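This structure is a prediction, so every number in the text was calculated from the model and none was measured. Order of the sequence lines sets the chain letters (A, B, ...), proteins ahead of strands, with each chain counted from 1.
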Protein chains: 2
Amino acid sequence: MEEKLQLKSQVCFPIYSLSREIINRYRPFLDELDITYPQYLVLMVLWENEVQTVNQIGEKLNLDSGTLTPLLKRLEAKELIHRCRRRSDERVVEITLTEKASSLKSKAVLVPEKVVNDIGLTSEDLEDLKRIVTKILNKTKNLP
Amino acid sequence: MEEKLQLKSQVCFPIYSLSREIINRYRPFLDELDITYPQYLVLMVLWENEVQTVNQIGEKLNLDSGTLTPLLKRLEAKELIHRCRRRSDERVVEITLTEKASSLKSKAVLVPEKVVNDIGLTSEDLEDLKRIVTKILNKTKNLP
DNA sequence: CACAATTATATTGCGCACAATTTTATTTTC
DNA sequence: GAAAATAAAATTGTGCGCAATATAATTGTG
């Protein structure tokens, strides 16, 4: 019993730790852009496709409206996005990037590389990590 | 530029997603014990060693008093721990497990296995994941 | 066309995380 | 031994994450 309950034997604790650790490493670089990590994720989704609904963003990030609505309002307050209800269906809120956000992209693109260098990750580490994590994430996608 | 900013090319997003996904998979089992995942982590630290200071717990989980103080108060309210200032140094708060918490251990020990089965992880997946994640976490430990 | 069912977002409430500051206790230094 | 420095928790404030519920618009059905 003892052995199974040790932190080092756990599945989730190392992943939970690493997730927080990497986000903390992102922080100083994202501070310069005056955005948080989850805000950065939302902008990345929008940089790939400049107009998207709240739902579409949520599906890509696995976040619901309880998380996204206030986050998007903060991005709007920073003048990085516009929120506008769709004319043809007023239930839908369409999110569009502002000029300010578009011009942030060139700085944002440099951040991940800085973090990787900061931590000293090799491309082999990255490939190994991404391979196994993605494999497991795919397993969970077909579950209830 | 486009390529580097795609979610699938990111280091952190898959880890951040997987961390949340696994914690969500823990939830139904931990709900039965009436505790959250971070509370479960704190209890695990204490099951390994029944008396510890707030600082000692924080070092093992990489959490500060801003997170731990309210969390510990909630565990105290659930009567799973006692919080008591050390006689010889009143700055220190010592956390001890209650009988109730000790008897929870036999149920708690079964949870990780249930989650692993739930997701359908093989022992090979687990080994691969733990090896690479721990390797990267160790790299970060020697950084500023 | 009314009315029930569905859909999209918003709101509320709770529990983390984490930075910054404060409080209280102890140790160090003069 | 008093003042300064250090140390341990607590507090405050902000921003997620997520469950549960509410609101409002649209669609489906008789």
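In this structure, the nucleotide among D:dC18, D:dT26, D:dC16 sitting nearest to the side chain of A:Arg91 is D:dT26. If you check D:dA9, D:dG15, D:dC18 against the side chain of A:Thr67, the one that comes closest is D:dC18.
A:Asn62 comes within 4.0 angstrom of sugar-phosphate atoms only, judged by non-hydrogen atoms across all strands, and of no base. Note on A:Leu71: only backbone sugar-phosphate atoms sit closer than 4.0 angstrom, heavy atoms only; bases stay farther off. Across all strands, B:Thr36 comes closer than 4.0 Å only to sugar-phosphate atoms, never to a base (heavy-atom distances). No engagement by B:Arg86 is indicated, since no non-hydrogen atom pair under 4.0 Å with the nucleic acid exists.
Note: CG (B:Asp89) to P (D:dA9) measures 8 Å, nearest angstrom. Rounded to an integer number of Å, the gap from A:Leu30 CG to D:dC16 C1' is 14 Å. Rounded to an integer number of Å, the gap from NZ of B:Lys73 to P of D:dA10 is 6 Å. Atom P of nucleotide D:dC16 and atom CG of A:Leu68 are separated by 10 Å, given to the nearest angstrom. Straight-line distance from the CG atom of B:Leu63 to the C1' atom of D:dA8: 16 Å, rounded to whole Å.
Between the A:Asn138 side chain and the A:Lys141 main chain, no donor and acceptor come within less than 3.5 Å of each other.
A:Arg87 has no side-chain polar atom (N or O) that falls below the 4.0 Å cut-off from OP1 or OP2 of D:dT26. At the phosphate of D:dA8, neither OP1 nor OP2 sits under 4.0 Å from any side-chain N or O atom of B:Thr53. Phosphate contact (OP1/OP2 of D:dA8, side-chain N/O of B:Gln56, threshold under 4.0 Å): absent. For D:dA9, neither phosphate oxygen OP1 nor OP2 lies less than 4.0 angstrom from any side-chain nitrogen or oxygen of B:Ser65.
In this structure A:Tyr37 satisfies the ring pair (Phe, Tyr, Trp, His ring centres under 6.0 Å) test together with A:Tyr26, B:Tyr16, sequence neighbours excluded.
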*Could you walk me through whether B:Lys130 and A:Gln10 pass the side chain to side chain donor-acceptor pair (under 3.5 Å) check?*
CA-CA 9 Å; B:Lys130 217 153 46 179; A:Gln10 296 290 318; over 6 Å; no

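The residue among A:Glu21 and B:Lys78 whose nearest nucleotide of DNA chain C lies closer to the 5′ end is B:Lys78.
Under the 4.0 Å criterion applied to side-chain N and carboxylate O atoms, A:Arg131 and A:Glu127 are not assigned as salt-bridge partners.
Look at D:dG30: its Watson-Crick or wobble partner, with both distances under 3.5 angstrom, is C:dC1.
In 5' to 3' order, the nucleotides of DNA chain C bounding all contacts with chain A (an atom under 4.0 Å from a heavy atom) are C:dT7 to C:dA19.
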